[in-house]
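Numbering of ligands and ligand atoms starts at 1, following listing order.
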Amino acid sequence: MSRNPRYDILFEPVRIGPVTAPNRFYQTPYASGTGNQMPHTRAAIREVRAEGGWGVVNTGYCSIHPSSDDAPLPYCRLWDDEDVKVHALMVDAVHRHGALAGVELWHGGSGTGNRLTRMPLMSPSGVSTDSTYPGWISLTRSRPMDKQDIREFRRWHVDAAKRARSAGFDIVYIYAGMGFGPYQFLLPWLNKRTDEYGGSLQNRVRLMREIVEEMKEAIGRTCAVALRFSTDDLLKVPGETLESEAHEIISMLSDLPDLWDVKSSSWTLETRSARFSEQGAQEPWNSFVKPLTSRPVVGVGRFTSPDAMVSQIKRGILDLIGAARPSIADPFLPRKIDEGREDEIRECIGCNICVSSYHDGVPVRCTQNPTMGEEWRRRWHPERIPPGDPDTSVLIVGAGPAGLECARALGQRGFAVSVAEARDELGGRVSIESKLPGLATWARVRDYRTNLIQTMANVDIYLGSPLSAQDVIDFKCDHAVIATGAQWTRELTGSGGYPVGEIEGDAVFTPDDVLAGAKPEGPVVIYDFDHYYMGSCLAELLRQRGTEVTIVTPANAVSAWTFMSNELADIRLRMIELDIGTVFERYLTGFSDGAAQLTSIYRDSDVSSIDCASLVIVGIRTGNDRLFQELNSDTDRIVDAGICSVRNIGDCRAPGAIAHAVYSGHECARTIDAGDAIQPFALERPSLSFKA
Ligand code: ADP
Ligand code: SF4
């Protein structure tokens with residue numbers, strides 16, 4: 001297949017200062033959750049993106065000095081020459097595939113914690129960003145920077161830039177966004193200085209200008225100097241001559257940096273989930289930049305459609321198509337467009353599980369791409385997989401995310417695969433849940449896999465086929481994989497979080513009931529102790545039907561876990577807009593006589609009730625593992641039937657997020673002929689040959 005000429009424009013080279021990007025696909029800096037502690041994992045994550053056709057591949061935020069330390073979050077660093085080696089590993093890996101390698105030099109100012117280095121935070125004038133926001137920032141306030149600090153601050157940038165150059169990087173960033181160091185100087189509400197670095201816009205921009213100039217002087221002949229700049233805050237500040245201060249800053253510095261990387265200042269806004277934003281949603285914050293500079297402009301927008309990318313370029317919004325999540329979900333996205341294989345793109349679903357792994361401080365994982373983070377330690381490649389024996393047959397029972405991914409990967413390996421699905425449609429939970437408000441993109445988990453499976457002659461699908469243990473035995477296969485999913489229960493928990501038994505009643509529902517078409521009579525109480533999306537999505541669904549809804553939860557927020565996926569505030573706002581009631585920090589203990597009984601999570605004696613006609617329990621899921629247990633408990637029958645192995649995967653084995661099910665299906669496909677489902681993986685080990 002060959003490239004659609006409509007997309008030729010995406011493959012034009014773009015000059016960035018002294019270097020040239022081979023095409024317009026630009027993997028923007030994003031934290032991969034590896035930091036300097038996992039250099040091989042990081043190099044392999046970035047290498048596979050370069051191999052997949054991204055013309056520029058950046059590493060994540062990279063601290064320039066111990067006074068900017070983001071521990072325990074995994075950030076990169078370039079503090080001394082020893083750190084250079086770690087980066088060189090990645091740069092060499094990226095260069096092997098003809099891509100440019102970039103590094104986002106970062107000083108957090110007061111927007112970090114310095115928990116590891118214990119150095120006082122620094123800020124332009126002692127006003128800290130979010131200084132008391134729990135969970136993020138340490139308890140210390142920042143100290144104002146004096147002139148000596150400013151000189152040092154500039155020098156740290158230049159020293160780190162020189163180290164970046166010696167590591168081989170082609171593009172070196174200054175990070176003036178997201179509330180970090182240089183950005184704080186730009187904001188009048190954070191910068192209260194009265195010297196030449198504060199006051200007028202000219203003065204507030206001074207530090208950023210000096211750093212760009214000094215970095216260009218130091219490394220500009222061989223490396224491009226990129227400026228990453230958040231525009232949304234300053235778009236709200238009227239300018240003296242132009243529309244806003246954001247306009248003025250860009251026109252003041254205009255062609256000084258070699259590249260403008262523009263974005264919004266809050267990570268939540270920038271990585272809004274698909275539930276709350278469309279592809280290209282960043283346009284209001286970057287569409288004004290290009291007329292103010294002749295340098296190339298890059299921005300993100302969860303772009304997975306080549307037509308949307310072309311439109312950004314033709315309409316003069318961007319020169320380079322920036323991507324973090326689409327490159328996580330499909331490292332080979334550019335290559336697939338180049339080869340006319342657009343329908344094979346593993347499109348990001350915008351669920352933000354990747355974001356949550358970064359918050360967890362571990363290598364980023366992805367719902368759509370189970371190989372993310374496994375490139376080095378397990379040698380899992382997103383496109384290639386070792387061939388299997390075509391004479392070996394595998395029966396997969398259940399075609400949800402786990403069963404489908406297992407079938408797709410086993411099919412790719414060449415096994416003779418059969419998939420039996422009880423329902424008349426494929427996709428399991430994603431087909432059902434993607435009908436919930438805001439979750440339409442989740443169907444991509446099914447569509448990517450079914451598109452590929454359809455082309456595989458060695459994979460047979462049987463819809464409307466609920467299998468019993470005897471059916472599996474009679475089918476005569478070499479391996480049986482049980483992927484029968486999970487179901488929601490009516491189980492409640494007591495104060496220790498332990499199950500205390502199911503709550504019965506005709507007016508008590510589970511999410512499965514509602515998703516299958518049950519219409520609980522209002523007013524409805526949704527008792528949510530699952531804390532992810534289901535409680536608030538069901539509330540939205542019922543509210544759309546005109547039902548009065550109150551969410552009761554032991555947490556202190558609706559969908560409290562979504563703090564991890566950057567969705568918490570958006571969900572709260574949606575609940576307020578839809579007039580959905582909320583009762584926080586209460587357990588539900590019973591439901592009778594048209595009322596739900598509640599107690600405080602702090603004091604058993606503090607009881608209350610809330611009138612409702614129906615109750616929906618969003619709590620515990622349990623695996624549908626009866627079929628697996630039945631087969632597994634009768635080994636003689638299995639052996640007699642010639643079945644070598646019976647495995648259970650996905651939610652049937654351990655209920656979790658869709659990401660876990662996809663991963664489980666993939667792992668099973670990789671290991672089905674290895675004898676043991678649990679395979680060792682390589683470990684990053686600290687070198688003991690350090691110098692103090
Ligand atoms: P997972 O997330 O682990 O893939 P899902 O719940 O999404 O799980 O999918 C499980 C699928 O298994 C559902 O589509 C369900 O209809 C199907 N299923 C459950 N039991 C059987 C069975 N006995 N035979 C065939 N299909 C089954
Ligand atoms: Fe996209 Fe979800 Fe993968 Fe993140 S985890 S890249 S949002 S599919």
Could you check Y173 against C62 for side-chain contact (heavy atoms from CB on, under 4.5 Å), going step by step and ending with a plain yes or no?
CA-CA 10 Å; Y173 270 73; C62 179; over 6 Å; no
Distances under 3.5 Å, N/O of ligand 1 against N/O of the protein: list each pair and its distance.
| unit_1 | atom_1 | unit_2 | atom_2 | d |
| --- | --- | --- | --- | --- |
| ligand 1 | 2 (O) | D651 | OD2 | 2.5 |
| ligand 1 | 3 (O) | D651 | N | 2.7 |
| ligand 1 | 4 (O) | P401 | N | 3.1 |
| ligand 1 | 4 (O) | A402 | N | 2.9 |
| ligand 1 | 7 (O) | R429 | N | 2.7 |
| ligand 1 | 12 (O) | A483 | O | 3.4 |
| ligand 1 | 14 (O) | E421 | OE1 | 2.7 |
| ligand 1 | 14 (O) | E421 | OE2 | 3.0 |
| ligand 1 | 16 (O) | E421 | OE2 | 2.6 |
| ligand 1 | 23 (N) | L467 | O | 3.0 |
| ligand 1 | 24 (N) | L467 | N | 3.0 |
| ligand 1 | 26 (N) | A422 | N | 3.0 |

Consider only side-chain N and O atoms of H381 and E51, and report whether a donor and an acceptor are under 3.5 Å apart.
yes
Heavy-atom count around R626 CZ within 6.0 Å, excluding the residue itself: above 12?
no
Near atom 1 (Fe) of ligand 2 (under 2.8 Å) - protein N, O or S atoms
C348 SG
Among V364, T271, D360, find the residue that satisfies the side-chain contact (heavy atoms from CB on, under 4.5 Å) test when tested with V355.
T271
Spatial distance of atom CG (L463) from atom CD (E421) [nearest 0.5 Å]
7.0 Å
Looking at F415, I'd like to know if the NZ or CZ of R670 sits under 6.0 Å from its six-membered ring centre while staying within 45 degrees of the ring's axis.
no
So is R228 actually on top of Y175's ring, under 6.0 Å and inside 45° of the axis?
yes
Does K336 pair with E383 as a salt bridge, N-O distance under 4.0 Å?
yes
Cation-pi, Y663 ring and R365 (6.0 angstrom, 45 degrees):
yes
